[in-house]
Peer 1: 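Take this structure, written in structure tokens, and hold onto it; I'll ask about it next.
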Amino acid sequence: MSGLCVSCNLCCNGSIFARVPITEEERPRLPKEVQVFARNGALRMRLPCPRLGDDGACTCYDVRPDTCRTYNCKLSKRHNEGEIDERSAVEITQEIKAAQARSIVLAARAMGQEPDAFKGMTIFEVFKVLNAKIKDPNVAVDAYTARRAKLHRNFYVDLVKFHIQSGYWD
């Protein structure tokens with residue numbers, strides 16, 4: 001596993017994908033704590049992956065699904081093709097993670113909570129909670145801070161689309 005992948009891990013931690021397709025043959029190889037479900041007749045593994053280590057490395061690397069094994073984000077491809085050095089690529093992942101963290105901090109503040117209240121939740125889960133609270137007339141939400149949070153979330157999404165996901169702005 002490359003240093004870039006370990007420093008990034010956005011594809012594994014639920015930040016850009018909510019699930020990974022798996023095959024029936026892969027299912028028995030997966031560790032027990034991995035949540036598998038069927039959707040539209042196809043098996044899926046829920047993300048964030050519970051086997052993602054605190055250091056960002058996959059703890060089930062040898063038995064990971066083929067989708068995980070073959071996934072190569074746009075940033076990794078650029079690095080592998082020599083378009084960008086690893087240091088610059090890692091800096092880009094840090095920029096993406098900073099935008100993600102800032103949007104979560106602002107979302108928490110908008111709801112009158114500390115960011116730690118959302119530890120372990122993906123950015124999308126946090127904003128699902130924020131949007132539900134905004135719609136609830138019985139809940140006080142700081143509208144200005146909520147708008148700032150959404151602005152930072154949109155910046156995060158644009159960074160992911162530009163640097164990570166193929167097919168956007170190529």
Peer 1: Stepwise, does the salt bridge (charged side-chain N to carboxylate O under 4.0 Å, His left out) test hold for Lys119 with Asp116?
Peer 2: CA-CA 5 Å; Lys119 192 171 179 89; Asp116 284 350; 5.4 Å; no

Peer 1: Can you tell me how far the SG atom of Cys8 sits from the CG atom of Leu75, to the nearest 0.5 Å?
Peer 2: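 These two atoms lie 7.0 Å from each other.
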
Peer 1: Tyr61 ring centre to Arg64 NZ or CZ under 6.0 Å, with the angle to the axis within 45°?
Peer 2: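 Cation-pi check for Arg64 and Tyr61: passes.
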
Peer 1: If only atom types and distance count, is the side chain of Thr67 paired as donor or acceptor with the main-chain N or O of Val20 below 3.5 Å?
Peer 2: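 Answer holds: no.
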
Peer 1: If we only count heavy atoms from C-beta on, is the Phe118 to Gln113 side-chain gap below 4.5 Å?
Peer 2: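 Yes, side chains in contact.
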
Peer 1: Between Ile92 and Ile84, does a side chain to side chain contact (heavy atoms under 4.5 Å, CB included) hold up when you go through it step by step?
Peer 2: CA-CA 11 Å; Ile92 289 168; Ile84 188 169; 3.5 Å; yes

Peer 1: What residues, two or more places apart in sequence or in another chain, satisfy ring-ring contact (aromatic ring centres under 6.0 Å, His included) together with Phe17?
Peer 2: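 Result, ring-ring contact (aromatic ring centres under 6.0 Å, His included) vs Phe17: Tyr71.
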
Peer 1: Under the side-chain hydrogen bond (donor to acceptor under 3.5 Å, both in side chains) definition, can you give me all pairs with a residue in residues 127-137, not counting sequence neighbours?
Peer 2: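 Sorted result for residues 127-137: Asn131-Lys150.
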
Peer 1: Using a cut-off of 6.0 Å, state whether more than 12 heavy atoms not belonging to Glu114 lie near its atom CD.
Peer 2: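 Check fails, neighbour count at 12 or below.
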
Peer 1: Less than 4.5 Å apart, any side-chain heavy atom of Val34 and any of Pro50?
Peer 2: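 Yes. Closest side-chain heavy atoms under 4.5 Å.
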
Peer 1: Transitively linked via ILVMFWY side-chain contacts under 4.5 Å: Leu47 with Ile96?
Peer 2: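 Yes; Ile96 is reachable from Leu47 via cluster members.
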
Peer 1: How far apart are the closest heavy atoms of Ala57 and Val6, and which atoms are they?
Peer 2: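 Minimum heavy-atom contact is N-CG1, 4.0 Å.
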
Peer 1: Does Lys97 count as lying over the ring of Tyr156, i.e. NZ or CZ under 6.0 Å from the six-ring centre, within 45 degrees of the axis?
Peer 2: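 Here Lys97 fails the 6.0 Å and 45° test against Tyr156.
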
Peer 1: Restricting to non-hydrogen atoms, name the atom on Phe127 and the atom on Ala149 that form the minimum distance, rounded to 0.1 Å.
Peer 2: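 Closest heavy-atom pair between Phe127 and Ala149: CZ-O, 3.5 Å.
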
Peer 1: Once rounded to the nearest 0.5 Å, what's the spacing between atom CG of Leu52 and atom SG of Cys12?
Peer 2: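 One gets 5.5 Å once the value is rounded to the nearest 0.5 Å.
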
Peer 1: Do Thr145 and Arg109 have side-chain N/O donor and acceptor atoms under 3.5 Å apart?
Peer 2: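 No pair is found: no donor N or O on one side chain lies under 3.5 Å from an acceptor on the other.
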
Peer 1: Within the distance-only criterion (no hydrogens, no angle test), does the side chain of Asp85 pair as donor or acceptor with the backbone N or O of Ser88 below 3.5 angstrom?
Peer 2: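 Yes; judged by distance alone, with no hydrogens or angles, the pair exists.
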
Peer 1: Please indicate whether Tyr144 has more than 12 foreign heavy atoms, meaning atoms of other residues, nucleotides or ligands, lying under 6.0 Å from its OH.
Peer 2: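 No, because the 6.0 Å sphere around OH of Tyr144 holds 12 heavy atoms or fewer from other groups.
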
Peer 1: Membership question, hydrophobic clusters at under 4.5 Å side-chain separation (ILVMFWY): are Val139 and Met121 in the same one?
Peer 2: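 Yes, Met121 and Val139 fall within the same hydrophobic cluster.
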
Peer 1: Which pairs, with at least one residue in residues 13-23 and sequence neighbours excluded, count as a side-chain hydrogen bond (donor to acceptor under 3.5 Å, both in side chains)?
Peer 2: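 Listed once each, the pairs are Asn9-Asn13, Asn13-Ser15, Ser15-Gln100, Thr23-Glu25, Thr23-Glu26.
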
Peer 1: Output the distance between atom CD (Gln35) and atom SG (Cys49), rounded to the nearest 0.5 Å.
Peer 2: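 Between Gln35 CD and Cys49 SG, I get 10.5 Å after rounding to 0.5 Å.
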
Peer 1: How many angstroms lie between atom CE of Met111 and atom CG of Leu130, to the nearest 0.5 angstrom?
Peer 2: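 That separation rounds to 5.0 Å.
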
Peer 1: So, the side chain of Thr93 versus the backbone of Val90: is there a donor-acceptor pair under 3.5 Å, distance only?
Peer 2: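 Side chain of Thr93 to backbone of Val90, a donor-acceptor pair under 3.5 Å: yes, one is there.
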
Peer 1: State the CZ-CD1 distance between Arg46 and Ile22, to the nearest 0.5 angstrom.
Peer 2: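 Separation between the atoms: 11.5 Å.
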
Peer 1: If two hydrophobic side chains count as joined below 4.5 Å and joins carry through other members, does Phe155 share a cluster with Val126?
Peer 2: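 Phe155 and Val126: one cluster.
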
Peer 1: How about Gln165 and Cys73: do any of their side-chain heavy atoms sit closer than 4.5 Å?
Peer 2: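 Gln165 vs Cys73: side chains apart.
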
Peer 1: Look at the side chain of Glu125 and the backbone N and O of Thr122, then say whether any donor-acceptor pair between them is shorter than 3.5 Å.
Peer 2: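 Answer holds: yes.
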
Peer 1: Do Glu91 and Arg87 sit within salt-bridge range, that is, some charged N less than 4.0 Å from a carboxylate O?
Peer 2: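 Looking at Arg87 together with Glu91, the answer is yes, because their closest N to O distance falls below 4.0 Å.
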
Peer 1: Measuring only between side-chain heavy atoms, which start at C-beta, is His163 closer than 4.5 Å to Lys74?
Peer 2: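 His163 does not reach Lys74 side chain to side chain.
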
Peer 1: Hey, quick one: are Ile164 and Phe124 part of the same hydrophobic cluster, counting side-chain heavy atoms closer than 4.5 Å, chains of contacts allowed?
Peer 2: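 Yes, because Ile164 and Phe124 connect within a single hydrophobic cluster, where side-chain heavy atoms sit under 4.5 Å apart.
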
Peer 1: About how many Å separate CZ of Arg148 and CG of Leu106, when rounded to the nearest 0.5 Å?
Peer 2: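 Leu106 atom CG to Arg148 atom CZ measures 4.5 Å (nearest 0.5 Å).
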
Peer 1: Between Leu159 and Glu95, is there a side-chain heavy-atom distance shorter than 4.5 Å?
Peer 2: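 Counting from C-beta outward, Glu95 and Leu159 do come under 4.5 Å.
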
Peer 1: Is there a donor-acceptor pair under 3.5 Å between the side chain of Ser76 and the backbone N or O of Asn72?
Peer 2: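 No: the side chain of Ser76 does not pair with the backbone of Asn72.
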
Peer 1: List the steps and the verdict of side chain to side chain contact (heavy atoms under 4.5 Å, CB included) for Arg44 and Val36.
Peer 2: CA-CA 6 Å; Arg44 308 269 191 245; Val36 176; over 6 Å; no

Peer 1: Let me check something: do Ile134 and Ile123 share a hydrophobic cluster, defined by ILVMFWY side-chain heavy atoms less than 4.5 Å apart, either directly or through other members?
Peer 2: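 Looking at the clustering, Ile123 is in the same group as Ile134.
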
